[in-house]
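Structure, as structure tokens:
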Amino acid sequence: MYKEKIVNLKFKNVLLALLLAISYKGLSQQEKDTTKLMNVRYGSKGIELETRDKKFLFQLQSRFQFRFSTPYDTDPLTYDDYSQDAKTTFKINRARLKIGGHAFEPWLKYYWEYELSQSNLLDFRIMIEKWDWLSFKVGQWKTEFTRERFISSGEQQMVERSLINRPFTVDRQLGVEVYGHLKGAGIADFNYWAAALTGTGRGSTSNDDNHLMYFGRAQWNFLGRFLDFEGCDLEFHEKLTPIIAFSAITNRSPYTRFSQAGGGSLDGFENGLPGQYRVNQWNFETAFMYRGFSWQSELHTKEIIDKINNDDTTIMKGYYVQAGYFFHNVFEWWPKHLEMAGRHAAYRPDNSIRENRQDESTLAFNWFFKGHKNKLTSEVSYFTFQDKTLSLQQGWRFRIQWDISL
């Protein structure tokens with residue numbers, strides 16, 4: 001009896017060991033099978049997980065901007081801003097989490113972006129890009145109205161966008177869009193975008209009335225080469241790659257400006273009632289890159305019609321020109337990873353009063369450790385504020401920023 005118990009115990013131990021071995025082998029086989037199905041790598045858009053059949057792709061990336069500025073950080077907007085007390089600032093200017101990829105098919109794409117420092121959901125969109133000539137987008141994103149605003153803040157040439165960005169950008173909107181690339185022979189090469197949007201800014205899921213925002217952009221790639229939305233000629237375009245674009249927007253809402261925070265009001269305008277302001281905007285744009293040199297410019301007109309107060313109309317105008325160059329192409333002693341860039345911007349808040357004008361001139365230097373993914377930018381800016389009833393105001397600003405994507 002005692003011997004029988006010992007035999008049974010040994011049999012149970014052997015059986016348990018056998019089951020454990022089979023389980024371990026099964027788990028190992030499962031891990032091997034999973035590895036066979038999935039590729040894991042670190043790419044240009046962060047950590048990437050992709051199935052072997054290429055039908056599913058998941059990309060995860062974070063980005064941070066650390067900024068020092070003196071005597072102030074934001075652009076001076078009013079006459080009194082020039083006489084404000086100096087406030088030297090060090091801050092985390094942006095902290096972003098980005099997720100993108102495709103699902104089911106490579107042409108069914110998705111993307112969303114979250115601002116961690118302000119707890120804002122910035123972008124969320126689905127794109128159907130099966131055909132080059134006809135694509136669709138639905139969700140919330142930055143409209144392609146201006147090149148300067150559409151370029152990611154992590155791929156800018158300067159520390160920040162120009163003086164005219166605030167009054168003329170339409171920023172992020174919720175809606176639907178159709179777009180495409182019409183690739184013909186020679187100079188017959190065009191891109192187009194057309195969208196219907198809520199016209200009430202980021203985070204707003206409904207309109208204030210029955211009037212939507214309508215947007216259109218036509219871009220001519222007249223040498224047959226498309227130019228990406230990015231600052232600096234890091235790719236060193238061997239062939240001249242220029243574009244000319246025209247874009248327009250019309251909207252009726254309570255707002256006269258937009259930003260990451262959503263809808264707002266420009267100086268001189270009160271917070272409006274539903275449908276109070278009809279805003280029409282036009283933008284003419286040029287850009288090109290060639291062998292380390294980059295250029296971009298925008299010329300804006302904005303018409304604001306107060307539909308409640310006798311159709312009172314204000315016309316604003318503004319422009320900027322910007323260029324940068326890697327001088328190591330000319331001077332051997334110039335560091336290869338150093339770019340110098342300059343920008344001039346001007347803005348008239350009321351074009352009927354020609355004496356009222358704001359100007360910005362900026363000189364910047366970029367050191368690229370790893371392209372736009374890891375770079376250091378320093379800049380010095382000079383601002384002037386002219387008002388026919390006041391004396392000329394002017395001031396300097398210095399900023400330095402480290403931008404890194406992980």
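Fair warning: this is a prediction, and the values are worked out from it, not measured in the lab.
Applying the side-chain contact (heavy atoms from CB on, under 4.5 Å) rule to Pro167 yields the partners Leu266, Tyr347; only residues at least two apart in sequence or on another chain are considered. Not counting sequence neighbours, the partners of Ser153 by the side-chain contact (heavy atoms from CB on, under 4.5 Å) test are Arg63, Gln65, Arg94, Arg96, Gln156, Arg161. Evaluation of the ring-ring contact (aromatic ring centres under 6.0 Å, His included) rule for Tyr319 yields no partner, not counting sequence neighbours. By the side-chain contact (heavy atoms from CB on, under 4.5 Å) test, Ile92 pairs with Phe66, Ala95, sequence neighbours left out.
The aromatic rings of Phe229 and Phe150 stand perpendicular to each other, their planes meeting at an angle above 60°, with 30° marking the opposite boundary.
Under a 4.0 Å N-O distance rule, the pair Arg225/Asp189 does not qualify as a salt bridge. Checked for salt-bridge contact, Asp123 and Arg125 meet the test: a charged N lies under 4.0 Å from a carboxylate O. Ionic pairing of Glu50 and Lys55 is not present here: no N-O contact between side-chain nitrogen and carboxylate oxygen is shorter than 4.0 angstrom. Taking the charged nitrogens against the carboxylate oxygens, Asp73 and Arg67 do have a contact shorter than 4.0 Å, which makes a salt bridge. No salt bridge links Asp171 with Lys142; every basic N to acidic carboxylate O contact stays at or beyond 4.0 Å. No salt bridge links Arg217 with Glu144; every basic N to acidic carboxylate O contact stays at or beyond 4.0 Å.
Residues in residues 42-62 take part in these ring pair (Phe, Tyr, Trp, His ring centres under 6.0 Å) pairs, two or more places apart or across chains: Phe56-Phe104.
Side-chain N or O atoms of Glu115 include none that pairs as donor or acceptor with a backbone N or O of Asn120 at under 3.5 Å.
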Residue pair Asp350, Arg348: steps toward the salt bridge (charged side-chain N to carboxylate O under 4.0 Å, His left out) verdict: CA-CA 5 Å; Asp350 188 340; Arg348 282 197 172 94; over 6 Å; no
For the pair Arg147 and Glu298, evaluate salt bridge (charged side-chain N to carboxylate O under 4.0 Å, His left out) and give the outcome as yes or no after the intermediate values. CA-CA 8 Å; Arg147 182 177 186 84; Glu298 294 175 13; over 6 Å; no
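Checked against a 6.0 Å centroid threshold, the rings of Phe168 and His300 count as neighbours.
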Using atom types as modelled, flag every donor-acceptor pair under 3.5 Å from a side chain in residues 332-342 to any protein atom, sequence neighbours excluded.
residue: Trp334; atom: NE1; partner: Leu338; partner atom: O; Å: 2.9
residue: Glu339; atom: OE1; partner: Asn366; partner atom: ND2; Å: 2.9
residue: Glu339; atom: OE2; partner: Gln157; partner atom: NE2; Å: 2.7

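In the displayed structure, Trp112 atom CH2 is contacted under 6.0 Å by more than 12 heavy atoms of other residues, nucleotides or ligands.
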